[in-house]
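Here the structure comes first, spelled out in structure tokens, and everything after it is commentary.
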Amino acid sequence: TDDRIAIQTALNDCSAAGGGQVYLPAGVYLLASGSLLLPDGANLVGAGMNVSTLKLGDGVDGPVITDLSAGYPGAYAFGRVRLAHFAIDGNRQNNVMGAEGIFTTAYYSVFEQVYVHDCQTHGIHVGFAQMKNSASQNWIRGCRITDCGGAGIYLDIQGTDHSVSDNYIHDCDYGVVINNGGVRVINNDIFANRQAAIKV
């Protein structure tokens, strides 16, 4: 079945009520009809990084999780969220034109204990060149990112001033790519990536 509509409705209702937490119990949740769109202030928290999984459906060919500003020229950073304690399965073999696990313009947001794997491009992609301002001051910590066709973590030209710590990144093209300044990369395990551990 397609679980996207139910999860999206919960996120939208949470944001409309002033923000809070949407909880993903143990299980695999199929996103067969598109990406999840993050609204401002709605946090998504699972039962564990190997317990709750969002899986991209066959042929969706988009990010697993994104926001309304991501990829739209002239957009502004969208707001604050926390994503924690679940897995993202990009279903790479069945999304040949696929994209990132997470593509976001978030600021002051936290991504922690998220297991991102099998994405066609990047595991986590923050910011993009055509933004009006910056996706800034996010924390990416304690995540496991593996088997992605791009970087494990890709910090774009308008993705600035982040903290990247205690992550476990392997078997991607690059571990971390940094296209702007003010980024702290601390105490990560980055190995067995095809091109380099860190590209600046």
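Heads up: numbering here begins at 1 and tracks the sequence.
Note that SG of Cys143 is 10.0 Å distant from CG of Asn188, once rounded to the nearest 0.5 Å. To the nearest 0.5 Å, atoms CG (Leu44) and SG (Cys14) are separated by 9.5 Å. To the nearest 0.5 Å, atoms CG (Asp89) and SG (Cys119) are separated by 8.0 Å. Atoms CG and CD, on Leu11 and Gln21 in that order, are 11.0 Å from each other to the nearest 0.5 Å. Atoms CG and NZ, on Asp118 and Lys55 in that order, are 9.0 Å from each other to the nearest 0.5 Å. If you take CG on Asn95 and CZ on Arg92, they are separated by 11.5 Å, rounding to the nearest 0.5 Å.
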side-chain contact (heavy atoms from CB on, under 4.5 Å) evaluation trace for Asn138 with Tyr108: CA-CA 5 Å; Asn138 295 304; Tyr108 285 111; 5.6 Å; no
Audit row: Asn91, Asp58, side chain to side chain donor-acceptor pair (under 3.5 Å) steps and yes/no: CA-CA 7 Å; Asn91 189 14; Asp58 295 352; 2.8 Å; yes
Could you walk me through whether Ser33 and Asp2 pass side chain to side chain donor-acceptor pair (under 3.5 Å), step by step? CA-CA 7 Å; Ser33 57; Asp2 182 14; 2.4 Å; yes
Step by step, work out the side-chain contact (heavy atoms from CB on, under 4.5 Å) result for Val126 and His162. CA-CA 10 Å; Val126 183; His162 306 294; 3.7 Å; yes
List the steps, then state whether side chain to side chain donor-acceptor pair (under 3.5 Å) holds for His125 with Asp156. CA-CA 7 Å; His125 179 178; Asp156 217 328; 3.0 Å; yes
May I have the step-by-step check of side-chain contact (heavy atoms from CB on, under 4.5 Å) for Val28 and Asp3, ending in yes or no? CA-CA 9 Å; Val28 177; Asp3 298 304; over 6 Å; no
Carefully, step by step, assess Asp67 and Thr105 under the rule side chain to side chain donor-acceptor pair (under 3.5 Å). CA-CA 7 Å; Asp67 60 67; Thr105 63; 3.0 Å; yes
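Side-chain heavy atoms closer than 4.5 Å link hydrophobic residues (I, L, V, M, F, W, Y) into clusters, and following such links, even through other members, never connects Val177 to Val116. Under a hydrophobic clustering in which Ile, Leu, Val, Met, Phe, Trp and Tyr are joined whenever their side-chain heavy atoms come within less than 4.5 Å, directly or via other members, Ile65 and Ile124 fall into the same cluster. Side-chain heavy atoms closer than 4.5 Å link hydrophobic residues (I, L, V, M, F, W, Y) into clusters, and following such links, possibly through other members, connects Ile140 to Val200. Under the 4.5 Å side-chain contact rule for hydrophobic residues, Leu31 and Met49 do not share a cluster.
In this structure, Val51 and Ala47 approach most closely via the heavy-atom pair CG1-CB, 3.8 Å. When all heavy atoms are compared, the tightest approach of Val45 to His85 is CG1-CD2, 4.0 Å. The two residues Phe128 and Ala75 make their nearest non-hydrogen contact at CZ-CB, 4.4 Å. Smallest separation of non-hydrogen atoms from Ser52 and Leu24: OG-O, 2.9 Å. Considering every non-hydrogen atom in both Cys172 and Ala151, the closest pair reads CB-C, 4.3 Å.
A donor and an acceptor atom, one from each side chain of Gln137 and Tyr107, are nowhere located under 3.5 Å apart. Inspection of the Ser165 and Arg141 side chains reveals no N or O donor paired with an N or O acceptor under 3.5 Å.
The main-chain N or O of Tyr76 is found under 3.5 Å from a side-chain atom of Ser69 such that the two form a donor-acceptor pair. A side-chain donor-acceptor contact under 3.5 Å links Asp40 to the backbone of Arg80. In this structure, Arg184 contributes its side chain and Gly182 its backbone to a donor-acceptor pair below 3.5 Å. The backbone N or O of Ala106 sits less than 3.5 Å from a side-chain atom of Thr104, completing a donor-acceptor pair.
Taking 4.5 Å as the limit, some side-chain heavy atom of Ile88 sits within range of a side-chain heavy atom of Val114.
Using the six-membered ring where Trp is involved, His122 and Tyr154 have ring planes that are parallel, under 30° apart on the 30 and 60° scheme. Between Tyr168 and Phe191, the angle of the ring planes goes over 60°, which puts this pair in the perpendicular group of the 30/60° scheme.
Comment: Arg194 does not engage Asp171 in a salt bridge, judged by the lack of any side-chain N to carboxylate O separation of less than 4.0 angstrom.
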